[in-house]
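Report on the following structure.
Remember, it's a predicted structure, so these values are computed and weren't measured experimentally. All chains are named by letter (A, B, ...) in the order of the sequence lines, taking the proteins before the strands, and each is independently numbered beginning at 1. As a basis for the values below, the full set of heavy atoms in this structure was taken, side chains included, without hydrogen atoms, waters or symmetry mates.
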Amino acid sequence: MLQTPRGTADVLPDEQAYWSYVTAHFKSICESYGYGEIRTPVFEDTRLFQRTVGEGTDIVEKEMYTFADRGGDSLTLRPEGTAPVVRAYLEHGMHRLSQPVKLSYIASIFRYDRPQAGRLRQHHQFGVEALGEESAAIDAEIIGLLLHLYRSVGLTEVSLQLNSIGDAACRPQYIEELASYYRSHVKALCDNCQTRLERNPLRLLDCKEDSCQPFIGDAPHTMENLCGDCDAHFGVLKNSLKAMGISYTLNHTLVRGLDYYTRTVFEVWPQTVGRQSALGGGGRYDGLARHIGKRDVPGIGFGTGIERIILNLQRQGVVPNEQQPFSVFVATLGERAATYGTGLVNDLRQRGVRALIAYRPRSLKAQLRQAGNHHADFAVIIGDDELAEGQVLLRNLGASTQENVAESDLMQTLERLRDAGRTG
RNA sequence: GUGGCUGUAGCUCAACAGGUUAGAGCUCUGGACUGUGGCUCCAGCGGUUGGGGGUUCGAGUCCCCUCAGCCACCCCA
């Protein structure tokens with residue numbers, strides 16, 4: 001039996017309720033915050049990610065789906081959402097628009113990784129990016145939007161982890177300080193950290209090895225080594241969050257796995273026991289645009305995993321309150337009635353009434369059972385008797401009552417019942 | 001990429017220490033009720049026991065390989 005490739009999943013109609021539920025909330029929130037939707041290609045020039053995400057990162061080093069197309073160009077299935085959006089901003093000259101340009105997206109993301117619950121090789125993210133504004137006020141707006149999304153879908157008990165990792169002015173110095181601190185303890189470090197020290201010292205702070213924890217605790221923190229501008233920026237962010245009633249945990253070990261981040265970085269964790277798997281995360285990337293074009297554009301955004309949101313909703317027992325649309329099942333007996341029924345469901349559908357029918361002769365009992373399985377509100381029963389009298393039998397499946405309705409009144413009656421159901 | 005656990009009808013699960021034809025509930029279909037759903041009862045459909053190989057008179061059960069899912073690491077969404 002052929003099956004879905006490893007780390008991919010089908011979304012079946014039953015689960016679709018969760019998808020449309022969270023998507024509807026995301027779209028309406030983006031609407032109210034003024035973020036317009038953008039769609040970018042699933043694949044991009046490989047260099048886009050090499051230059052922005054960073055050559056030394058896990059994503060570029062071992063997780064990208066990179067392939068040569070038939071013309072020999074190197075393309076990569078997008079492993080993250082931000083770089084393509086910044087690319088589109090530059091490519092379409094959006095710097096000429098009124099700033100900031102605020103964009104949102106719903107995108108599939110591809111990373112070659114070992115699958116686990118909530119970790120897929122193809123997953124989907126909601127994301128927003130605000131380009132062209134460097135004030136921390138918009139950092140707070142973005143974080144607020146993300147938390148607003150979780151709250152509105154019913155994901156309670158999430159925790160915001162916050163850090164500031166400096167910028168081009170202060171980070172190099174900080175990293176040197178961090179590295180020299182660690183070099184003095186190099187013999188005691190785990191193997192992984194010895195490598196990190198050479199390749200990406202910031203990630204030393206992210207080590208989960210017990211034996212390395214004391215060093216993390218005593219290591220210099222980015223937050224305490226910010227330059228004046230970065231420190232002021234971080235201060236504005238914290239004040240803005242406070243003004244918005246948003247609480248956070250300062251986490252100096254939060255460094256994130258993409259090279260392009262500057263200043264603000266954050267993740268949101270679900271409040272489950274055990275290991276944390278971020279629901280969403282993001283940060284500021286003021287240096288990113290320069291790697292793509294010749295322009296400096298400050299930016300900030302987040303990505304949040306749709307599958308992870310749904311997984312946590314299910315764990316919390318949140319069921320999307322999707323109301324069934326009003327629907328009618330047309331049950332027919334006999335050939336003439338069947339033909340009539342075919343025309344009737346067609347008319348109903350043209351008028352926007354959800355209408356179902358059996359496609360081949362079945363007993364009335366079976367047809368009504370089918371109507372019940374589909375949660376139809378009404379059944380229209382048509383047999384030769386009814387046809388002869390120009391009437392149909394309209395059965396209310398919820399109340400188990402039925403009455404004869406003149407064929408000519410049926411459409412109007414059903415539309416009236418549908419509209420009553422909608423408002424009631 | 002590392003280590004570990006688990007794979008039996010569409011779903012949830014049975015099957016003594018290898019032993020006949022791998023069972024049950026739910027779902028679905030049909031009937032009891034020849035034109036009236038949900039309840040009840042009866043019946044039916046549905047399996048290459050994830051796949052391949054091996055050991056054995058005999059493998060769902062033991063061994064090897066492989067695939068997939070899950071857990072931890074790693075990483076993050």
Side-chain angles (χ1 to χ4, degrees), chain A residues 1-9 12 14 53 57-63 78-82 106-127 146 150 161 190-193 195-196 200 203 206-210 254-258 265-270 274-283 301-312 329 331-334 337 358 360-387 393-402:
Chain A
M1 224 346 236
L2 259 36
Q3 45 195 283
T4 58
R6 186 172 200 201
T8 66
L12 303 178
D14 274 356
V53 175
T57 60
D58 279 3
I59 291 178
V60 169
E61 228 167 48
K62 48 195 187 192
E63 295 178 358
R78 103 186 116 212
E80 64 102 25
T82 300
I106 302 171
S108 39
I109 303 286
F110 304 84
R111 287 184 208 167
Y112 187 88
D113 200 350
R114 189 146 165 186
Q116 233 165 280
R119 190 166 80 181
L120 297 160
R121 289 182 174 181
Q122 180 189 189
H123 77 276
H124 299 79
Q125 288 186 15
F126 297 132
L146 180 59
Y150 298 139
Q161 304 288 311
C190 70
D191 293 350
N192 237 324
C193 282
T195 320
R196 286 182 179 121
N200 195 347
R203 300 216 63 83
D206 213 18
C207 185
K208 310 293 192 298
E209 252 347 288
D210 285 346
L254 184 67
V255 295
R256 313 225 2 112
L258 297 85
V265 293
F266 58 92
E267 284 184 5
V268 180
W269 296 348
R275 289 293 156 186
Q276 301 291 359
S277 239
L279 278 168
F302 69 72
T304 180
I306 301 179
E307 286 88 348
R308 285 191 181 175
I309 293 175
I310 293 174
L311 186 65
N312 280 279
F329 193 96
T332 65
L333 291 155
R360 60 195 158 81
R362 301 180 75 180
S363 67
L364 180 59
K365 179 187 176 67
Q367 293 185 65
L368 288 175
R369 184 169 58 235
Q370 200 175 353
N373 288 345
H374 290 293
H375 306 111
D377 298 285
F378 284 85
V380 176
I381 301 171
I382 309 159
D384 291 340
D385 302 352
E386 284 79 9
L387 278 184
L393 194 51
L394 183 59
R395 180 173 180 81
N396 182 328
L397 292 169
S400 293
T401 58
Q402 57 189 26

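For the pair A:Phe329 CZ and B:G38 P, the computed distance is 14 Å after rounding to whole Å. As a whole-Å value, the separation of A:Arg121 CZ from B:C67 P is 11 Å. Taking atom CD1 of A:Ile381 as the reference point, atom P of B:U36 lies 9 Å away to the nearest angstrom. Here the C1' atom of nucleotide B:G35 and the CD atom of A:Glu386 are 8 Å apart, to the nearest Å. Rounded to an integer number of Å, the gap from CD of A:Gln3 to P of B:C67 is 11 Å. Distance CG (A:Asp14) to P (B:C11): 13 Å, rounded to an integer number of Å. Rounded to an integer number of Å, the gap from A:Gln125 CD to B:A77 C1' is 5 Å. Spacing between atom CG of A:Asp113 and atom C1' of B:G69 amounts to 15 Å, rounded to whole angstrom units.
Across all strands shown, B:C13 pairs with B:G23; the Watson-Crick or G-U wobble distances both stay below 3.5 Å. Pairing of B:A72, defined by two Watson-Crick or G-U wobble distances under 3.5 Å, is identified with B:U2.
Counting any heavy atom pair closer than 4.0 Å across all strands shown, A:Arg308 reaches a base atom. Heavy atoms of A:Gly282 sit nowhere under 4.0 angstrom from any nucleic acid atom. Residue contacts shown for A:Ile59 are absent, as no nucleic acid heavy atom lies under 4.0 Å away.
Not one side-chain nitrogen or oxygen of A:Arg111 sits closer than 4.0 Å to the OP1 or OP2 atom of B:C75. Look at A:Arg114 and you won't find any side-chain N or O under 4.0 angstrom from OP1 or OP2 of B:C70. The side chain of A:Gln402 contributes no N or O atom lying less than 4.0 Å from OP1 or OP2 of B:U36.
In this structure, CZ on A:Arg308 lies 9.0 Å from CG on A:Leu311, to the nearest 0.5 angstrom. Atom CG of A:Leu258 sits about 4.0 Å away from atom CD1 of A:Ile59, to the nearest 0.5 Å.
In this pair, A:Phe302 and A:Phe266 present their aromatic rings perpendicular. The plane angle is above 60°, beyond the 30 to 60° band.
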Side chains of residues 106-117 of chain A: which donor-acceptor partners sit under 3.5 Å, not counting sequence neighbours?
unit_1: A:Arg111; atom_1: NE; unit_2: A:Pro79; atom_2: O; d: 2.7
unit_1: A:Arg111; atom_1: NH2; unit_2: A:Pro79; atom_2: O; d: 3.1

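What you find for A:Leu393 and A:Glu386 is that their closest heavy atoms are N-CG, 4.1 Å.
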Name the pairs: protein N/O against N/O of nucleotides 26-32 of chain B, kept only if under 3.5 Å.
unit_1: B:C28; atom_1: OP1; unit_2: A:Asn373; atom_2: OD1; d: 3.1
unit_1: B:C28; atom_1: OP1; unit_2: A:Asn373; atom_2: ND2; d: 3.2
unit_1: B:U29; atom_1: OP1; unit_2: A:Arg362; atom_2: NH2; d: 3.1
unit_1: B:U29; atom_1: OP2; unit_2: A:Arg369; atom_2: NE; d: 3.4
unit_1: B:U29; atom_1: O3'; unit_2: A:Arg362; atom_2: NH2; d: 3.3
unit_1: B:G30; atom_1: OP1; unit_2: A:Arg362; atom_2: NE; d: 3.3
unit_1: B:G30; atom_1: OP1; unit_2: A:Arg362; atom_2: NH2; d: 3.4
unit_1: B:G30; atom_1: OP2; unit_2: A:Arg362; atom_2: NH2; d: 3.2
unit_1: B:G30; atom_1: OP2; unit_2: A:Arg369; atom_2: NH2; d: 2.3

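Looking at A:Tyr150 and A:Asn312, their side chains never come closer than 4.5 Å, going by heavy atoms from C-beta outward.
Residue whose closest nucleotide on RNA chain B sits further toward the 5' end, between A:Thr8 and A:Tyr150: A:Thr8. With RNA chain B read from its 5' end, the first of the two nearest nucleotides for A:Arg395 and A:Gly280 is the one closest to A:Arg395.
Comparing B:G35, B:G1, B:G69 against the side chain of A:Arg119 picks out B:G1 as the nearest. In this structure, the nucleotide among B:A77, B:G1, B:C75 sitting nearest to the side chain of A:Leu258 is B:A77. Taking only side-chain atoms of A:Pro115, from C-beta outward, the nucleotide of B:G37, B:C70, B:A77 with the closest atom is B:C70. The listed nucleotides are B:C75, B:C70, B:U36; the one nearest the side chain of A:Asp58 is B:C75.
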